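Keep in mind the model is a prediction, meaning the values are calculated, not measured. Here is the naming used below: chain letters follow the sequence lines, and residue numbers restart at 1 for every chain.
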Amino acid sequence: MKDYREYTDHEIKTFQRIVYDYYQSSGRDLPWRKTHNPYEILVSEIMLQQTQVSRVIEKYGEFIKTFPDITSLAEATLIDVLAMWQGLGYNRRALSLKKLAEIVNNTYGGYIPPHVSLLMQLPGIGNATANAICAFAFNHPVIFIETNVRTVFIYHFFNTKDTVKDSEISPLVERTLDYDNPRQWYNALMDYGVALKKYCSNPGRKSAHHTVQSSFEGSARQVRGAILKALVIKNRQSFNELIDVVCYDPDVVKKNIQALEKEGLIANKGRYIFIP
DNA sequence: ATCCGGTGGG
DNA sequence: CCCACCGGAT
(Lines give C-alpha, C1' and ligand atoms only; values in the text may rest on other atoms or scores of the structure.)
Protein backbone atom coordinates (compact mmCIF):
# COMPACT_ATOMS: atom_id res chain seq x y z
CA MET A 1 0.00 0.00 0.00
CA LYS A 2 1.34 3.38 -1.01
CA ASP A 3 2.15 6.06 1.49
CA TYR A 4 0.17 9.25 0.86
CA ARG A 5 3.38 11.02 -0.23
CA GLU A 6 3.92 8.53 -3.04
CA TYR A 7 0.85 9.61 -4.97
CA THR A 8 1.69 12.06 -7.73
CA ASP A 9 -0.11 15.37 -8.02
CA HIS A 10 -1.66 13.99 -11.15
CA GLU A 11 -3.10 10.98 -9.32
CA ILE A 12 -4.54 13.27 -6.66
CA LYS A 13 -6.07 15.50 -9.34
CA THR A 14 -7.60 12.47 -11.05
CA PHE A 15 -9.19 11.37 -7.79
CA GLN A 16 -10.61 14.85 -7.22
CA ARG A 17 -11.96 14.83 -10.77
CA ILE A 18 -13.78 11.51 -10.21
CA VAL A 19 -15.40 12.80 -7.03
CA TYR A 20 -16.39 16.17 -8.51
CA ASP A 21 -17.65 14.60 -11.75
CA TYR A 22 -19.94 12.35 -9.75
CA TYR A 23 -21.10 15.31 -7.67
CA GLN A 24 -21.82 17.42 -10.71
CA SER A 25 -23.92 14.75 -12.41
CA SER A 26 -25.59 13.08 -9.42
CA GLY A 27 -25.01 15.17 -6.29
CA ARG A 28 -27.92 15.38 -3.89
CA ASP A 29 -29.95 18.52 -3.36
CA LEU A 30 -30.53 18.43 0.40
CA PRO A 31 -32.49 20.98 2.47
CA TRP A 32 -29.53 21.82 4.72
CA ARG A 33 -27.38 22.55 1.69
CA LYS A 34 -29.62 25.47 0.74
CA THR A 35 -28.40 27.41 3.76
CA HIS A 36 -25.11 28.53 5.33
CA ASN A 37 -26.82 29.49 8.58
CA PRO A 38 -24.67 27.83 11.29
CA TYR A 39 -27.68 27.05 13.48
CA GLU A 40 -29.54 25.33 10.67
CA ILE A 41 -26.42 23.38 9.70
CA LEU A 42 -25.83 22.38 13.31
CA VAL A 43 -29.37 21.05 13.69
CA SER A 44 -29.00 18.99 10.51
CA GLU A 45 -25.68 17.52 11.69
CA ILE A 46 -27.11 16.47 15.05
CA MET A 47 -30.07 14.86 13.30
CA LEU A 48 -27.78 13.09 10.85
CA GLN A 49 -25.80 11.37 13.61
CA GLN A 50 -26.67 7.68 13.30
CA THR A 51 -29.71 8.56 11.24
CA GLN A 52 -30.34 8.17 7.53
CA VAL A 53 -30.83 11.18 5.29
CA SER A 54 -34.31 10.09 4.20
CA ARG A 55 -35.58 10.12 7.77
CA VAL A 56 -33.95 13.46 8.56
CA ILE A 57 -35.47 15.13 5.48
CA GLU A 58 -38.96 14.34 6.77
CA LYS A 59 -38.36 16.08 10.10
CA TYR A 60 -35.88 18.83 9.32
CA GLY A 61 -38.12 21.46 7.70
CA GLU A 62 -40.75 21.29 10.41
CA PHE A 63 -38.11 21.47 13.15
CA ILE A 64 -36.48 24.57 11.68
CA LYS A 65 -39.88 26.17 11.17
CA THR A 66 -40.83 25.53 14.79
CA PHE A 67 -37.44 26.45 16.26
CA PRO A 68 -36.02 28.93 13.71
CA ASP A 69 -33.01 30.03 15.78
CA ILE A 70 -30.90 29.28 18.85
CA THR A 71 -33.04 31.47 21.10
CA SER A 72 -36.33 29.83 20.18
CA LEU A 73 -34.82 26.42 20.86
CA ALA A 74 -33.26 27.57 24.13
CA GLU A 75 -36.62 28.89 25.29
CA ALA A 76 -38.67 25.91 24.12
CA THR A 77 -39.89 23.22 26.51
CA LEU A 78 -38.20 19.84 26.35
CA ILE A 79 -41.47 18.13 25.54
CA ASP A 80 -42.01 20.33 22.48
CA VAL A 81 -38.52 19.49 21.25
CA LEU A 82 -39.03 15.76 21.91
CA ALA A 83 -42.40 15.85 20.15
CA MET A 84 -40.68 17.23 17.07
CA TRP A 85 -37.94 14.59 17.42
CA GLN A 86 -40.27 11.55 17.28
CA GLY A 87 -39.20 9.24 14.47
CA LEU A 88 -35.56 10.29 14.51
CA GLY A 89 -34.52 8.03 17.37
CA TYR A 90 -31.83 8.49 20.04
CA ASN A 91 -33.89 11.03 21.99
CA ARG A 92 -30.92 12.00 24.12
CA ARG A 93 -29.72 13.96 21.07
CA ALA A 94 -32.79 16.18 21.38
CA LEU A 95 -31.98 16.85 25.03
CA SER A 96 -28.34 17.61 24.17
CA LEU A 97 -29.43 19.93 21.38
CA LYS A 98 -31.71 21.89 23.66
CA LYS A 99 -28.98 22.17 26.33
CA LEU A 100 -26.54 23.24 23.63
CA ALA A 101 -28.94 26.00 22.55
CA GLU A 102 -29.11 27.27 26.13
CA ILE A 103 -25.32 27.30 26.44
CA VAL A 104 -24.78 29.03 23.09
CA ASN A 105 -27.45 31.57 23.98
CA ASN A 106 -25.98 32.31 27.39
CA THR A 107 -22.25 32.16 26.78
CA TYR A 108 -21.75 32.92 23.07
CA GLY A 109 -24.46 35.54 22.60
CA GLY A 110 -26.44 33.15 20.43
CA TYR A 111 -23.59 32.59 17.94
CA ILE A 112 -22.36 29.09 17.15
CA PRO A 113 -18.60 29.16 17.84
CA PRO A 114 -16.69 28.61 14.56
CA HIS A 115 -13.92 26.41 16.03
CA VAL A 116 -13.65 22.63 16.40
CA SER A 117 -12.28 22.83 19.95
CA LEU A 118 -15.11 25.07 21.18
CA LEU A 119 -17.80 23.10 19.35
CA MET A 120 -16.58 19.86 20.90
CA GLN A 121 -17.17 21.25 24.38
CA LEU A 122 -20.90 21.50 23.62
CA PRO A 123 -23.18 18.57 24.54
CA GLY A 124 -23.92 16.13 21.73
CA ILE A 125 -21.06 17.38 19.57
CA GLY A 126 -18.03 15.16 19.10
CA ASN A 127 -15.18 15.23 16.65
CA ALA A 128 -17.15 14.36 13.51
CA THR A 129 -19.98 16.83 14.10
CA ALA A 130 -17.64 19.66 15.12
CA ASN A 131 -15.68 19.22 11.90
CA ALA A 132 -18.84 18.90 9.81
CA ILE A 133 -20.12 22.21 11.18
CA CYS A 134 -16.79 23.91 10.48
CA ALA A 135 -16.80 22.60 6.92
CA PHE A 136 -20.46 23.11 6.03
CA ALA A 137 -21.33 26.24 8.00
CA PHE A 138 -18.00 28.09 7.96
CA ASN A 139 -16.31 26.58 4.90
CA HIS A 140 -13.16 25.91 6.95
CA PRO A 141 -10.56 23.51 5.48
CA VAL A 142 -10.82 20.97 8.33
CA ILE A 143 -9.71 17.35 8.04
CA PHE A 144 -12.96 15.55 8.50
CA ILE A 145 -13.64 11.81 8.58
CA GLU A 146 -17.04 10.19 8.92
CA THR A 147 -18.59 7.09 7.45
CA ASN A 148 -19.07 8.31 3.87
CA VAL A 149 -15.62 9.85 3.72
CA ARG A 150 -14.16 6.56 5.02
CA THR A 151 -16.02 4.67 2.33
CA VAL A 152 -14.56 6.78 -0.47
CA PHE A 153 -10.96 6.61 0.75
CA ILE A 154 -11.04 2.92 1.57
CA TYR A 155 -12.48 2.18 -1.87
CA HIS A 156 -9.93 4.28 -3.76
CA PHE A 157 -6.75 3.98 -1.71
CA PHE A 158 -7.02 0.86 0.47
CA ASN A 159 -8.77 -1.62 -1.79
CA THR A 160 -6.40 -4.48 -1.01
CA LYS A 161 -6.39 -4.01 2.78
CA ASP A 162 -9.00 -5.56 5.01
CA THR A 163 -8.84 -3.17 7.93
CA VAL A 164 -8.09 0.53 7.73
CA LYS A 165 -7.60 2.95 10.61
CA ASP A 166 -8.61 6.61 10.44
CA SER A 167 -4.99 7.51 11.16
CA GLU A 168 -4.12 5.98 7.77
CA ILE A 169 -6.95 7.78 5.97
CA SER A 170 -6.34 11.17 7.51
CA PRO A 171 -3.18 12.15 5.55
CA LEU A 172 -4.98 11.34 2.31
CA VAL A 173 -7.97 13.45 3.30
CA GLU A 174 -5.55 16.29 3.91
CA ARG A 175 -3.69 15.74 0.67
CA THR A 176 -6.83 15.59 -1.49
CA LEU A 177 -8.84 18.37 0.19
CA ASP A 178 -10.04 21.16 -2.07
CA TYR A 179 -8.72 24.06 -0.02
CA ASP A 180 -10.56 26.55 -2.24
CA ASN A 181 -13.94 25.15 -1.33
CA PRO A 182 -13.98 22.67 1.56
CA ARG A 183 -17.77 22.84 1.84
CA GLN A 184 -18.31 21.79 -1.75
CA TRP A 185 -15.59 19.15 -1.53
CA TYR A 186 -17.03 17.45 1.54
CA ASN A 187 -20.54 17.54 0.07
CA ALA A 188 -19.13 15.82 -3.01
CA LEU A 189 -17.24 13.21 -0.96
CA MET A 190 -20.36 12.34 1.04
CA ASP A 191 -22.55 11.91 -2.03
CA TYR A 192 -19.93 9.85 -3.78
CA GLY A 193 -19.49 7.68 -0.67
CA VAL A 194 -23.22 7.00 -0.50
CA ALA A 195 -23.18 6.00 -4.18
CA LEU A 196 -20.23 3.63 -3.69
CA LYS A 197 -22.07 1.77 -0.94
CA LYS A 198 -24.95 1.13 -3.28
CA TYR A 199 -23.04 -0.83 -5.83
CA CYS A 200 -20.32 -2.52 -3.82
CA SER A 201 -21.09 -3.88 -0.38
CA ASN A 202 -20.10 -1.10 1.99
CA PRO A 203 -16.32 -0.57 1.81
CA GLY A 204 -16.69 1.21 5.16
CA ARG A 205 -16.99 -2.17 6.84
CA LYS A 206 -13.25 -2.44 6.43
CA SER A 207 -12.80 0.56 8.70
CA ALA A 208 -11.21 -0.30 12.05
CA HIS A 209 -13.95 1.92 13.52
CA HIS A 210 -16.89 0.09 11.98
CA THR A 211 -19.23 -1.47 14.55
CA VAL A 212 -22.39 -3.55 14.46
CA GLN A 213 -25.33 -2.81 16.72
CA SER A 214 -27.19 -5.34 18.83
CA SER A 215 -30.68 -6.01 17.52
CA PHE A 216 -33.42 -3.49 18.22
CA GLU A 217 -36.21 -5.97 18.94
CA GLY A 218 -36.39 -6.58 22.68
CA SER A 219 -33.67 -4.03 23.44
CA ALA A 220 -33.67 -1.27 26.03
CA ARG A 221 -33.67 1.19 23.12
CA GLN A 222 -37.07 -0.07 22.11
CA VAL A 223 -38.48 0.31 25.64
CA ARG A 224 -36.97 3.78 26.11
CA GLY A 225 -38.43 4.89 22.81
CA ALA A 226 -41.87 3.59 23.78
CA ILE A 227 -41.80 5.32 27.20
CA LEU A 228 -40.84 8.67 25.71
CA LYS A 229 -43.37 8.33 22.93
CA ALA A 230 -46.15 7.66 25.46
CA LEU A 231 -45.14 10.70 27.52
CA VAL A 232 -44.96 12.95 24.47
CA ILE A 233 -48.61 12.03 23.77
CA LYS A 234 -49.71 12.44 27.42
CA ASN A 235 -47.10 13.96 29.65
CA ARG A 236 -48.14 13.18 33.22
CA GLN A 237 -48.67 9.48 33.81
CA SER A 238 -48.49 7.17 36.78
CA PHE A 239 -46.22 4.14 36.64
CA ASN A 240 -49.23 1.85 36.22
CA GLU A 241 -50.66 3.91 33.37
CA LEU A 242 -47.30 3.80 31.65
CA ILE A 243 -47.02 0.02 32.04
CA ASP A 244 -50.38 -0.38 30.30
CA VAL A 245 -49.44 1.82 27.37
CA VAL A 246 -45.86 0.65 26.93
CA CYS A 247 -46.67 -3.08 27.20
CA TYR A 248 -43.39 -4.48 28.49
CA ASP A 249 -42.37 -6.35 31.60
CA PRO A 250 -42.92 -3.89 34.52
CA ASP A 251 -39.42 -4.54 35.89
CA VAL A 252 -37.90 -3.69 32.53
CA VAL A 253 -40.00 -0.53 32.25
CA LYS A 254 -39.02 0.51 35.78
CA LYS A 255 -35.31 0.06 35.05
CA ASN A 256 -35.59 2.13 31.89
CA ILE A 257 -37.59 4.86 33.62
CA GLN A 258 -34.77 5.14 36.15
CA ALA A 259 -32.17 5.34 33.40
CA LEU A 260 -34.13 8.00 31.50
CA GLU A 261 -34.55 9.93 34.73
CA LYS A 262 -30.83 9.84 35.40
CA GLU A 263 -30.18 11.27 31.93
CA GLY A 264 -32.67 14.08 32.49
CA LEU A 265 -35.07 13.03 29.76
CA ILE A 266 -37.85 12.40 32.26
CA ALA A 267 -38.60 13.26 35.89
CA ASN A 268 -40.52 11.51 38.64
CA LYS A 269 -42.36 13.55 41.27
CA GLY A 270 -44.90 12.06 43.64
CA ARG A 271 -46.60 9.28 41.78
CA TYR A 272 -46.25 10.86 38.35
CA ILE A 273 -43.69 10.47 35.61
CA PHE A 274 -43.28 13.32 33.15
CA ILE A 275 -40.98 15.07 30.71
CA PRO A 276 -39.59 18.08 32.63
C1' DA B 1 -33.57 -11.03 10.20
C1' DT B 2 -30.22 -7.41 8.75
C1' DC B 3 -28.57 -2.96 7.51
C1' DC B 4 -27.06 1.87 8.55
C1' DG B 5 -24.54 5.37 11.84
C1' DG B 6 -21.69 9.57 16.06
C1' DT B 7 -21.43 10.57 21.11
C1' DG B 8 -20.34 9.82 25.64
C1' DG B 9 -20.13 7.19 29.97
C1' DG B 10 -17.68 3.61 32.23
C1' DC C 1 -10.98 0.49 24.54
C1' DC C 2 -16.04 -1.11 24.80
C1' DC C 3 -20.69 -0.65 24.77
C1' DA C 4 -25.37 1.49 24.95
C1' DC C 5 -28.28 4.44 22.61
C1' DC C 6 -33.51 4.53 18.00
C1' DG C 7 -36.16 3.39 14.15
C1' DG C 8 -37.41 2.74 9.36
C1' DA C 9 -36.28 0.37 5.16
C1' DT C 10 -35.36 -3.81 2.92
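Between the CG atom of Leu265(A) and the P atom of dG9(B) there is a distance of 13 Å, given to the nearest Å. Between the C1' atom of dG6(B) and the CD1 atom of Ile133(A) lies a distance of 12 Å, rounded to the nearest Å. Atom-to-atom, CD of Glu263(A) to P of dT7(B) comes out at 17 Å; the value is rounded to the nearest Å. Protein atom CG of Leu122(A) is 10 Å distant from nucleotide atom P of dG8(B), rounded to whole Å. Rounded to whole angstrom, the span from the NZ atom of Lys198(A) across to the C1' atom of dC3(B) amounts to 14 Å. Atom CG of Leu119(A) and atom P of dT7(B) are 11 Å apart (whole Å). One atom, CZ of Phe216(A), and another, C1' of dT10(C), lie 16 Å apart when rounded to the nearest Å. Rounded to an integer number of Å, the gap from Leu82(A) CG to dC6(C) P is 11 Å.
In the region residues 140-154 of chain A, proximity to DNA chain C at under 4.0 angstrom, judged on heavy atoms, holds for none of the residues. Within residues 162-171 of chain A, no residue has a heavy atom under 4.0 Å from DNA chain B. The stretch residues 245-259 of chain A has no heavy atom under 4.0 Å from DNA chain B, so no residue of it qualifies as close. Within a heavy-atom distance below 4.0 Å of DNA chain C, the residues of residues 52-62 of chain A found are Gln52(A), Arg55(A).
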Quiz item: For Tyr7(A) and His156(A), what are the C-alpha separation, side-chain angles and deciding distance, and is it a ring-ring contact (aromatic ring centres under 6.0 Å, His included)?
Solution: CA-CA 12 Å; Tyr7(A) 290 99; His156(A) 273 272; over 10 Å; no

Exercise. Report the C-alpha distance between Tyr186(A) and Phe144(A) in whole Å, list the side-chain angles of each, state the deciding distance to 0.1 Å, and finish with yes or no for ring-ring contact (aromatic ring centres under 6.0 Å, His included).
Key: CA-CA 8 Å; Tyr186(A) 281 114; Phe144(A) 165 37; 5.1 Å; yes

Exercise. List the steps, then state whether side-chain contact (heavy atoms from CB on, under 4.5 Å) holds for Glu146(A) with Met190(A).
Key: CA-CA 9 Å; Glu146(A) 54 70 72; Met190(A) 303 263 230; 3.3 Å; yes

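Judged purely by distance below 3.5 Å, without hydrogens or angles, the side chains of Gln49(A) and Thr129(A) pair a donor atom with an acceptor atom. Neither side chain, Asn240(A) nor Asp244(A), offers a donor N or O lying under 3.5 Å from an acceptor on the other. Counting only N and O atoms by type, the side chains of Thr151(A) and Asn148(A) include no donor and acceptor under 3.5 Å apart. Side chain to side chain, Arg33(A) and Asn187(A) meet the donor-acceptor criterion of an N or O pair below 3.5 Å.
Within the structure, side chain to side chain donor-acceptor pair (under 3.5 Å) pairs that include any residue of residues 107-121 of chain A do not occur (at least two apart or interchain).
Nucleic acid contact class of Thr129(A) (heavy atoms, under 4.0 Å, all strands): sugar-phosphate only. Residue contacts shown for Ile46(A) are absent, as no nucleic acid heavy atom lies under 4.0 Å away. At a threshold of 4.0 angstrom between heavy atoms, the contacts of Gly87(A) are confined to the sugar-phosphate backbone, with no base atom among them.
For Ser215(A) and Lys262(A), each mapped to the nucleotide of DNA chain B holding its nearest heavy atom, the one lying further toward the 5' end belongs to Ser215(A).
Taking both residues in full, the closest heavy atoms of Ala76(A) and Val81(A) are given as CB-CG2, 4.0 Å, listed atom of the first, atom of the second, then distance. Closest non-hydrogen pair, Ile154(A) versus Gly204(A), comes out as CD1-CA, 4.3 Å.
In this structure, of dT7(B), dC4(B), dC6(C), it is dT7(B) that holds the atom nearest to the side chain of Ala128(A).
More than 12 heavy atoms of other residues, nucleotides or ligands lie within 6.0 Å of CD in Glu6(A), so this atom counts as buried by the packing criterion.
The aromatic rings of Trp185(A) and Tyr20(A) stand perpendicular to each other, their planes meeting at an angle above 60°, with 30° marking the opposite boundary.
In this structure the side chain of Asp191(A) reaches within 4.5 angstrom of the side chain of Tyr22(A), judged on heavy atoms.
A cation-pi arrangement is absent between Arg175(A) and Tyr4(A) under the rule of less than 6.0 angstrom and at most 45 degrees off the ring axis. Annotation: cation-pi pair Lys206(A)/Phe158(A) absent, no NZ/CZ under 6.0 Å from the ring centroid and within 45° of its normal.
Remark: the backbone N or O of Ser238(A) is paired with a side-chain donor or acceptor of Glu241(A) at under 3.5 angstrom. Proximity of a side-chain donor or acceptor of Asn139(A) to a complementary backbone N or O of Arg183(A) within less than 3.5 Å is detected.
Here Asn202(A) reaches the OP1 or OP2 of dC4(B): one of its side-chain N or O atoms lies under 4.0 Å away.
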Pairs: protein N or O with nucleotides 1-4 of chain C N or O, under 3.5 Å:
none

